[in-house]
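Below, chain A is the first sequence line, B the second, and so on; all start at residue 1.
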Protein chains: 2
Amino acid sequence: MSAIVEPVARLIEAFGRLPGVGPKTAQRLTYHILRAADAEARSLAAALVAVRDEVVFCESCFNISTGPLCPICLDPDRDEKWLCVVEEPLDVLALERTGAFRGRYHVLHGAISPMDGIGPDRLRVRELLEVCARRCAEGDPITEVILATNPTLEGEATAMYLAERLAADVASITRIARGIPVGGDLEYADEVTLVRALQGRREVESSLPR
Amino acid sequence: MSAIVEPVARLIEAFGRLPGVGPKTAQRLTYHILRAADAEARSLAAALVAVRDEVVFCESCFNISTGPLCPICLDPDRDEKWLCVVEEPLDVLALERTGAFRGRYHVLHGAISPMDGIGPDRLRVRELLEVCARRCAEGDPITEVILATNPTLEGEATAMYLAERLAADVASITRIARGIPVGGDLEYADEVTLVRALQGRREVESSLPR
């Protein structure tokens with residue numbers, strides 16, 4: 001006989017399937033739910049179901065969306081000639097928070113990783129190549145593709161692969177800068193980042209008129 | 001215009017209300033749910049609702065239960081004369097895993113903490129005192145109450161308070177041992193724990209016949 005009743009065991013198990021949630025955390029979350037306000041538990045349950053029922057991927061950029069096209073693809077103020085390629089919808093969110101990019105996105109939903117058996121066919125790569133080729137053929141080419149995959153082994157491999165495949169259809173293919181993060185410390189930066197920071201060095205622009 | 005669609009924002013917010021889940025973790029959990037198998041998301045939602053609908057607190061010991069009495073209180077093999085007082089249902093679980101205790105429990109649902117404005121009236125203290133007094137009056141007294149509240153300031157205060165209030169009705173009131181945890185290191189133990197370990201020292205029992 002177990003000291004733990006079945007619905008509680010089930011919730012602990014369900015929480016435990018979430019990434020980064022171990023058995024102890026799953027227990028703590030479950031007991032929080034047991035003692036929390038009823039509305040809190042039910043709103044979490046409703047939000048879970050709503051996300052699965054209402055959220056789809058944008059047919060154009062594969063970002064998350066509630067309709068066939070996401071708010072960014074529907075926005076006429078966005079510059080169609082500027083395309084930013086990212087791995088995950090979370091990356092779109094991070095870039096949007098900066099407000100520094102006013103073009104469109106393309107979400108790959110992962111990165112090429114031969115070690116994990118993830119090739120370009122498992123990602124939204126075909127769709128990206130198609131849209132660039134079609135726009136080029138229609139005489140309305142995308143002028144710049146920014147490859148904003150993560151600066152990891154997989155992200156770099158994906159960027160290199162895409163740069164090669166897109167070369168014929170896109171005039172400018174760029175990669176986001178890799179270097180010392182703002183607020184970071186040179187002393188603690190790893191060698192690869194330091195090499196990138198040196199390679200990516202730029203002329204200092206004087207704020208004073210020359 | 002936000003880059004994030006409403007159902008997703010709502011789920012991020014709902015996850016963010018869980019203890020120990022910050023905004024970044026809430027985002028990661030939400031995107032996991034978006035990409036997980038449909039059954040996984042729905043089973044978590046169902047488990048949340050089930051816990052709120054089906055789980056109550058045992059009328060006798062205030063442990064979690066699906067009926068008026070929890071499985072432990074219903075178990076005739078449990079020794080009624082032996083009562084273990086704990087702060088939380090999770091503590092019952094931890095003790096049950098040991099299999100070393102075959103009595104009944106009483107869950108206080110917290111500890112006395114004047115700093116947080118939590119007095120005995122906010123806990124299941126009255127019910128504990130009542131059951132001990134009633135059993136004593138009925139001539140079927142509880143012979144031992146083990147105070148297994150946490151060895152924290154609040155847990156110790158609660159144990160001392162209960163020991164005083166139960167003295168008249170219970171023959172033996174004990175406190176769980178505090179000392180160096182098994183696998184621990186004397187060198188790194190704090191002074192209070194070391195003092196407790198010394199105070200709680202016991203005669204070594206030889207495994208050889210004398």
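- Leu166(B) CG to Ile142(B) CD1: the interatomic distance, rounded to the nearest 0.5 Å, is 8.5 Å.
- Within residues 30-51 of chain A, the residues approaching chain B closer than 4.5 Å by heavy atoms are, in numerical order, Tyr31(A), His32(A), Ile33(A), Leu34(A), Arg35(A), Ala36(A), Ala37(A), Asp38(A), Glu40(A), Ala41(A), Arg42(A), Ser43(A), Leu44(A), Ala45(A), Ala47(A), Leu48(A), Val49(A), Ala50(A), Val51(A).
- In terms of non-hydrogen atom pairs under 4.5 Å with chain B, the most contact-rich of Leu95(A), Leu18(A), Val8(A), Ile12(A) is Leu18(A).
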Output a table of donor-acceptor pairs, distance under 3.5 Å, between side-chain atoms of residues 82-89 of chain B and any protein atom two or more places apart or on a different chain; print 'none' if there are none.
residue	atom	partner	partner atom	Å
Trp82(B)	NE1	Glu144(B)	OE1	3.1
Glu87(B)	OE1	Asn150(B)	ND2	3.3
Glu87(B)	OE2	Asn150(B)	N	2.9

Go through Phe57(B) and Val107(B) one step at a time and tell me if the side chain to side chain contact (heavy atoms under 4.5 Å, CB included) criterion holds.
CA-CA 10 Å; Phe57(B) 292 117; Val107(B) 183; over 6 Å; no

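- Here the CD1 atom belonging to Ile176(A) is positioned 7.0 Å from the CZ atom belonging to Arg178(A), to the nearest 0.5 angstrom.
- Between the CG atom in Leu108(A) and the CG atom in Asp91(A) there is a gap of 9.5 Å [rounded to 0.5 Å].
- Heavy-atom proximity under 4.5 angstrom to chain B picks out nothing from residues 127-139 of chain A.
- Checked against salt bridge (Lys or Arg N to Asp or Glu O under 4.0 Å), Lys81(B) has the following partners two or more places apart in sequence or in another chain: Asp140(B).
- When each of His109(B), Arg52(B), Arg97(B), Arg10(B) is scored by its heavy-atom pairs under 4.5 Å with chain A, the top score falls to Arg52(B).
- Pairing each heavy atom of Leu29(B) with each of Pro19(A), the nearest pair is CD2-O, 3.8 Å.
- Here the side chain of Arg102(B) pairs no donor or acceptor atom with the backbone of Arg78(B) at under 3.5 angstrom.
- At a 4.5 Å heavy-atom cutoff, Tyr105(B) makes no contact with chain A through either its backbone or its side chain.
- Going from atom CD of Glu54(B) over to atom CG of Leu11(A) covers 11.0 Å, rounded to the nearest 0.5 Å.
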Determine, step by step, whether Met160(B) and Glu164(B) satisfy the side chain to side chain contact (heavy atoms under 4.5 Å, CB included) criterion, reporting the C-alpha distance in whole Å, the side-chain angles of both residues, the deciding distance to 0.1 Å, and the verdict.
CA-CA 6 Å; Met160(B) 277 171 63; Glu164(B) 222 165 273; 5.9 Å; no

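- With chain A as the partner, the residue from Glu13(B), Gln27(B), Arg28(B) showing the most heavy-atom pairs under 4.5 Å is Gln27(B).
- Here the straight-line distance linking atom CG of Asp75(B) with atom CG of Asp77(B) works out to 5.0 Å at 0.5 Å rounding.
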